[in-house]
Amino acid sequence: MSDDMTFDYIIVGGGLCGCVVAARIKNSFPDRTVALVETGSDARKSPDILSPSRAFALAGTKYHYTNITTPQKHLNYRSIPLATGRTLGGGSAVNYGAWTRGDRSGYDEWAATVGDERWSYNGMLPYFKRAETYPLLQDKNNHGYEGPIHLSSGGRGYPLRDHVRDAMLAVGLPFNPDQNCGNPHGVSPLVESWHDGERSFAANTYDLKGVKLFMDSQVATVIVRNKKVP
C-alpha cells in the first residue's frame with residue numbers, strides 16, 4: 001500500500017479478541033497490512049497490569065470501563081457494576097487471572113441455539129487447547145501445551161490451603177483433578193494466567209509485531225457503500 005493510513009484489515013477494539021485476530025491475520029499473511037484500533041492505552045509494560053499483587057487495585061482506574069447493568073429482577077432490582085478492560089488486551093489485562101472454562105453443557109446449548117456445532121464444547125476445544133500452555137496433568141485430549149498463554153498452578157502456599165480443601169471434601173464436595181475439562185464442578189487446584197510472576201495475557205503473548213497500533217483512539221463511523229466497506 002502506498003498510503004500508510006490505508007490497511008487491508010482494520011480491527012476495531014484491541015481487547016482480548018482483537019489482539020488475537022490481529023496477530024493471527026498478520027502471522028498467517030505477513031504481506032497484508034493490519035491496523036488495530038483501541039480506545040485505551042498500551043499498558044503492556046505497566047507494573048499495574050503485570051503484577052499479581054496489583055490486580056485487585058485495577059477496578060475504577062483508567063484501565064477499566066465501569067458499566068452498570070439495568071436493574072436486575074432477581075437481585076431485588078439492583079443495578080450491578082460490570083467492569084471491562086479499557087486497555088490493549090481488554091479484560092485479559094485487568095482480570096484476576098483465574099483460568100476457567102465453562103461447563104460443557106453451556107457451549108452445547110449455544111450450538112443447539114444457533115444450529116452450529118462449531119460453538120459446541122467439542123467444536124471450541126481445539127481453540128481452547130491452541131491458546132494455552134497448561135501447567136497440570138498431561139492430557140492432550142483436553143489441554144494444549146504449546147500455546148501463547150502460559151499458565152500456573154499451586155503457587156499460593158498460604159497456611160490454611162490444605163485445611164480449607166480438606167474441610168470442603170469432608171462436607172461431601174467431590175474432588176475434581178481438572179476443572180478445565182468441561183466439568184468445572186468440585187474442589188480443584190486453581191489454574192491462573194500468571195507466569196514467572198507476571199500476567200500472561202493477550203496483548204503480551206500474541207505476536208503483534210508488524211500490526212499498526214492506534215492507541216487512545218475511537219472509531220466514530222464505518223462507511224458502507226454498495227453493501228461493502230470502501
Side-chain angles (χ1 to χ4, degrees), residues 15-28 44 49-53 55 85 89-112 116-209:
L16 192 161
C17 295
C19 288
V20 174
V21 170
R24 292 293 192 209
I25 292 175
K26 190 61 181 177
N27 293 338
S28 298
R44 285 178 289 182
I49 298 297
L50 295 176
S51 172
S53 65
S92 70
V94 299
N95 61 24
Y96 297 156
W99 188 262
T100 55
R101 291 183 197 167
D103 191 289
R104 173 186 293 271
S105 63
Y107 297 99
D108 291 346
E109 184 176 351
W110 285 355
D116 189 340
E117 284 300 306
R118 290 176 296 180
W119 291 102
S120 69
Y121 183 82
N122 287 338
M124 296 293 291
L125 184 58
Y127 303 99
F128 294 150
K129 293 164 63 176
R130 187 177 181 181
E132 66 185 12
T133 292
Y134 206 68
L136 299 174
L137 312 171
Q138 279 296 321
D139 180 3
K140 293 187 177 180
N141 290 326
N142 283 299
H143 294 294
Y145 298 92
E146 298 179 350
I149 305 292
H150 285 256
L151 308 172
S152 61
S153 183
R156 299 178 183 271
Y158 54 91
L160 293 178
R161 177 188 176 103
D162 292 342
H163 297 291
V164 171
R165 178 201 62 202
D166 293 344
M168 289 190 288
L169 296 177
V171 299
L173 293 176
F175 178 72
N176 182 350
D178 184 8
Q179 65 173 350
N180 290 311
C181 66
N183 171 28
H185 306 289
V187 181
S188 298
L190 178 64
V191 177
E192 303 175 280
S193 55
W194 303 102
H195 178 64
D196 290 340
E198 290 189 346
R199 183 188 296 274
S200 181
F201 67 112
N204 72 350
T205 57
Y206 283 86
D207 184 10
L208 295 174
K209 184 179 180 180

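What's counted below: heavy atoms across the whole structure, side chains too, no hydrogens, waters or symmetry copies.
Between Val94 and Ile49, some side-chain heavy-atom pair lies under the 4.5 Å cut-off. At a threshold of 4.5 Å between non-hydrogen side-chain atoms, the residues Asn176 and Pro184 do not count as touching. Considering only heavy atoms from C-beta on, Glu109 stays 4.5 Å or farther from Asp103 through its side chain. Residues Tyr127 and Val20 form no side-chain contact, since every pair of their non-hydrogen atoms from C-beta on lies 4.5 Å or further apart. Residues Leu137 and Asn142 have side chains not in contact (no heavy-atom distance under 4.5 Å, counting atoms from C-beta outward).
Nearest approach of His185 to Asn183, heavy atoms of both residues: CD2-OD1, 3.1 Å. Annotation for Tyr134 and Asp178: closest pair OH-OD1, 3.2 Å, computed over non-hydrogen atoms. Closest of all the heavy-atom pairs between Leu208 and Arg44 is CD1-NH1, 4.0 Å. For the residue pair Ala202 and Ser92, the shortest heavy atom distance occurs at N-OG, 3.2 Å. Gly89 approaches Cys19 most closely through the heavy-atom pair N-SG, 3.8 Å.
Panel note: side chain Ser193, backbone Gly97; a donor-acceptor pair is recorded below 3.5 Å. At least one donor-acceptor pair under 3.5 Å links the side chain of Tyr121 to the backbone N or O of Gly182. Thr205 contributes no side-chain N or O that, together with a main-chain N or O of Ile149, makes up a donor-acceptor pair within less than 3.5 Å. Between the side chain of Glu132 and the backbone N or O of Gly144, at least one donor-acceptor pair lies under 3.5 Å.
Between Tyr206 atom OH and Phe201 atom CZ the span is 13.0 Å, to the nearest 0.5 Å. Note: Arg199 CZ to Tyr96 OH = 10.0 Å, rounded to the nearest 0.5 Å. Taking CD of Gln179 as the start and OG of Ser153 as the end, the distance is 8.0 Å to the nearest 0.5 Å. To the nearest 0.5 Å, the span separating NE2 on His143 from OG1 on Thr133 amounts to 12.5 Å. Put simply, OG on Ser188 and CG on Asn180 are 8.0 Å apart, with the number rounded to the nearest 0.5 Å. The line from CZ of Arg161 to CG of Leu190 is 8.0 Å long, rounded to the nearest 0.5 Å.
Under the ring pair (Phe, Tyr, Trp, His ring centres under 6.0 Å) criterion, Trp99 pairs with no residue at all, not counting sequence neighbours. With sequence neighbours excluded, the residues that form a side chain to side chain contact (heavy atoms under 4.5 Å, CB included) with Gln138 are Lys140, Tyr145.
With respect to Asp207 and Lys209, no salt bridge is recorded, no charged nitrogen being found less than 4.0 Å from a carboxylate O.
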**Message:** Set out, in order, the CA-CA distance, both residues' side-chain angles and the distance that settles side-chain contact (heavy atoms from CB on, under 4.5 Å) for Ser200 and Leu151, then state yes or no.
**Reply:** CA-CA 7 Å; Ser200 181; Leu151 308 172; over 6 Å; no
**Message:** Does Leu125 form a side-chain contact (heavy atoms from CB on, under 4.5 Å) with Arg101? I'd like the steps, not just the answer.
**Reply:** CA-CA 10 Å; Leu125 184 58; Arg101 291 183 197 167; 3.5 Å; yes
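Taking a 6.0 Å sphere around CZ of Arg24, one finds it holds more than 12 heavy atoms contributed by other residues, nucleotides or ligands.
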